[in-house]
Amino acid sequence: MVLKFLTVHSLAQNSSLAAQDICAQLRHHADQAPSLLLLYFTQAHEGAILRDALKRQFPTTRLLGCSSCGGVMTEMGHHARDGYGLAVAALYDEKGAFGVAGASGDGVDVRQLLRRAMSDCGRPGELPQLILFHASPGKEEGLLAGIEAELGASVPVVGGSAADSSVSGDWQLCWDEAVAQDGIGLAVLYPDCQLAFQFHSGYVPAEFSGEITTCNGREVLTIDHQPAAEVYARWCGREQPWPVGAILRETTLTPLARQVGALDGIPYYKLSHPEAVTEQGGLRLFTDVVQGERLLLMYSSQEGLLQRSLNA
C-alpha cells in the first residue's frame with residue numbers, strides 16, 4: 001500500500017508553455033496517469049489554459065487547483081520569476097479513489113458538493129480519509145461548517161483560500177469541469193494507505209491580547225473599546241496606525257489569533273490575518289469573528305516560517 005507523491009514546477013512565462021513543461025516532466029517521471037493533480041499558479045497565469053492543457057494530457061485524472069500569491073512552493077523551495085510560477089502535485093494510487101467537485105457563484109451548497117465528489121469516485125456515503133478544499137475569500141467558514149454538518153468532525157480538512165498578488169479579487173479556482181473567480185472546489189481522498197497528519201502554523205503568541213468589543217462579520221471595529229487599528233498598531237510597536245487600505249503584506253509576520261482549544265495542555269490557535277484598515281478605524285480580517293472573543297497578537301520571522309516549512 002503505497003501512495004506515490006510527486007511535485008514538479010515550471011517558471012515559463014506563458015501559460016501554454018508552462019503547462020507543456022509540466023506535462024513533459026510528469027511523463028518523464030511516471031508512465032501512468034496521475035490519480036489526482038493539484039495545481040497551483042500565480043496570478044499572471046491563465047487558469048483556464050493550464051486546466052485545459054492538463055486535462056487534454058490526462059483526461060481520466062481528477063484535477064483541483066487555485067491561484068497563489070507571490071509564487072509557488074514545493075519541497076525544492078520557492079518558485080517565481082517575473083510574476084510567473086506554476087507547481088503541480090501529482091498523486092499516483094491505482095487502488096485508491098479520488099473525487100472532485102466544484103461550483104461557482106454565491107450560495108454554493110457545500111453538502112451537495114461533497115456528495116458529488118464522493119459519487120465522482122464511486123464512494124457515495126463513505127467517509128474519506130481527507131478533504132482538500134479551495135475557495136474564494138469569504139466562503140471558508142461556511143464551507144467548513146457545511147463539511148462538519150455533512151460528515152461530522154472526524155475527517156481532516158486541509159486547504160485554503162485562492163489568492164492574488166494584491167488582494168484585488170483577481171484570484172482563480174479550477175477543477176475538472178471549470179475555472180471560476182468566485183466559488184468553491186474540493187476533493188475527497190480515499191487512498192489505499194493510511195494517512196498521518198501534522199500541523200503547526202509557525203507562529204507563537206506575543207504578550208498582547210484584547211477583547212473584541214465591536215465587530216461586523218470580518219471587521220473588528222474596537223478592541224477593549226478602542227479603535228482596533230490603533231490597538232493593533234501599538235501591539236506591533238508602531239508609533240502611528242497604518243493608513244486606510246490594504247496591510248496584508250506589512251502584517252504577514254504578526255497575525256491575530258484566537259485560542260480554540262488545547263492539546264495535551266498546550267493551547268492551539270486559529271489565525272486571523274489582517275487584510276486592511278477600514279474607514280472606521282477597524283481591521284478587516286480573513287476570518288469571521290464574534291463580539292466577546294479574545295484576540296492575541298502572534299509573531300514569527302521569515303527565517304522561522306521557512307524553517308517550519310522545511311521541517312514539515
Side-chain angles (χ1 to χ4, degrees), residues 2-93 98 100 102 130 132-135 158-166 170-176 179-181 185-187 189 191 195 198-199 202 249 252 302-303 305-312:
V2 177
L3 173 65
K4 182 180 178 181
F5 186 90
L6 171 67
T7 64
V8 294
H9 69 275
S10 175
L11 296 177
Q13 297 178 27
N14 174 286
S15 295
S16 295
L17 293 177
Q20 292 175 26
D21 186 12
I22 290 295
C23 290
Q25 292 183 62
L26 291 174
R27 289 295 189 191
H28 174 74
H29 287 288
D31 295 331
Q32 66 192 96
S35 304
L36 176 67
L37 282 176
L38 304 177
L39 171 67
Y40 302 103
F41 51 94
T42 55
Q43 177 183 332
H45 276 298
E46 292 290 336
I49 294 176
L50 299 174
R51 171 202 165 274
D52 291 349
L54 287 166
K55 288 299 292 183
R56 281 196 304 269
Q57 187 69 224
F58 304 106
T60 62
T61 296
R62 297 296 184 263
L63 180 146
L64 177 67
C66 69
S67 57
S68 181
C69 172
V72 291
M73 288 189 69
T74 69
E75 75 280 7
M76 301 301 292
H78 176 267
H79 313 293
R81 180 187 296 160
D82 296 333
Y84 285 86
L86 168 62
V88 165
L91 282 68
Y92 299 85
D93 185 355
F98 304 85
V100 170
L130 178 69
L132 171 66
F133 82 86
H134 295 300
V158 298
S161 309
D164 61 16
S165 298
S166 58
D170 291 326
W171 41 73
Q172 304 172 67
L173 297 157
C174 60
W175 57 93
D176 284 274
V179 175
Q181 187 173 27
L186 59 84
L189 282 70
L195 299 179
Q198 182 183 54
F199 174 77
R249 185 182 300 273
T252 298
Q302 292 183 359
E303 295 77 12
L305 291 177
L306 177 61
Q307 190 59 48
R308 191 70 209 180
S309 67
L310 292 175
N311 291 340

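Everything quoted here is computed from the prediction, not taken from an experiment. Positions are given from 1, in the same order as the sequence printed here.
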Kindly give the heavy-atom pair with the smallest separation between A163 and S67, and that separation in Å. O-OG, 2.6 Å
Could you note down all residue pairs passing side-chain hydrogen bond (donor to acceptor under 3.5 Å, both in side chains) where residues 18-27 supplies at least one of them, sequence neighbours left out? S10-D21, D21-Q25, R27-Q57
Please name the pair of heavy atoms, one in L132 and one in G159, separated by the smallest distance, quoted to 0.1 Å. CD1-CA, 3.8 Å
In this structure, CG of L50 is separated from CG of L37 (nearest 0.5 Å) by 12.0 Å
Is the side chain of R51 donor-acceptor paired with the backbone N or O of D176 at a distance under 3.5 Å, no angle test? yes
Can you pull the ring pair (Phe, Tyr, Trp, His ring centres under 6.0 Å) pairs that have at least one residue in residues 9-39, sequence neighbours excluded? H9-H79
Just by distance, do the side chain of T42 and the backbone of S68 share a donor-acceptor pair under 3.5 Å? no
Would you please test W175 and H134 for side-chain contact (heavy atoms from CB on, under 4.5 Å) and show each step? CA-CA 10 Å; W175 57 93; H134 295 300; over 6 Å; no
One should read off an interatomic distance between T7 OG1 and L91 CG, to the nearest 0.5 angstrom, of 11.0 Å
Is it the case that the side chain of R81 and the backbone of A12 share a donor-acceptor pair, with hydrogens and angles ignored and the cut-off at 3.5 Å? no
Identify the heavy atoms of A135 and L173 that sit nearest to each other, and give their distance. N-CD2, 3.8 Å
Minimum-distance pair of heavy atoms, taken over all atoms of A87 and V72: CB-CG2, 3.7 Å
K55 side chain to T61 backbone, donor-acceptor under 3.5 Å: yes
If you round to the nearest 0.5 Å, how far is CZ of R62 from CG of L64? 12.0 Å
Test of understanding: with ring pair (Phe, Tyr, Trp, His ring centres under 6.0 Å), list the residues that count as partners of Y92, not counting sequence neighbours. none
Can you tell if the side chain of W171 reaches within under 4.5 Å of the side chain of C66, non-hydrogen atoms only? no
If I compare all heavy atoms of H78 with all of A80, which pair ends up nearest, and what's the gap? CE1-CB, 3.7 Å
Check whether any side-chain heavy atom of D93 sits under 4.5 Å from a side-chain heavy atom of F98, and report yes or no. yes
Pairwise distance CZ(F5) to CG(L36) - rounded to 0.5 angstrom: 9.5 Å
What I'd like to find out is whether the side chain of D170 reaches to under 4.5 Å of the side chain of Q181, using heavy atoms alone. yes
To the nearest 0.5 Å, how far apart are SG in C174 and CG in D52? 10.0 Å
Give a yes or no answer on whether the side chain of E46 reaches the backbone of S15 with a donor-acceptor pair at less than 3.5 Å. no
Closest approach of P191 to L3 (non-hydrogen atoms, all atoms of both residues): CB-CD2, 4.3 Å
Supply the atom-to-atom distance H45 NE2 to L86 CG, rounded to the nearest 0.5 angstrom. 5.0 Å
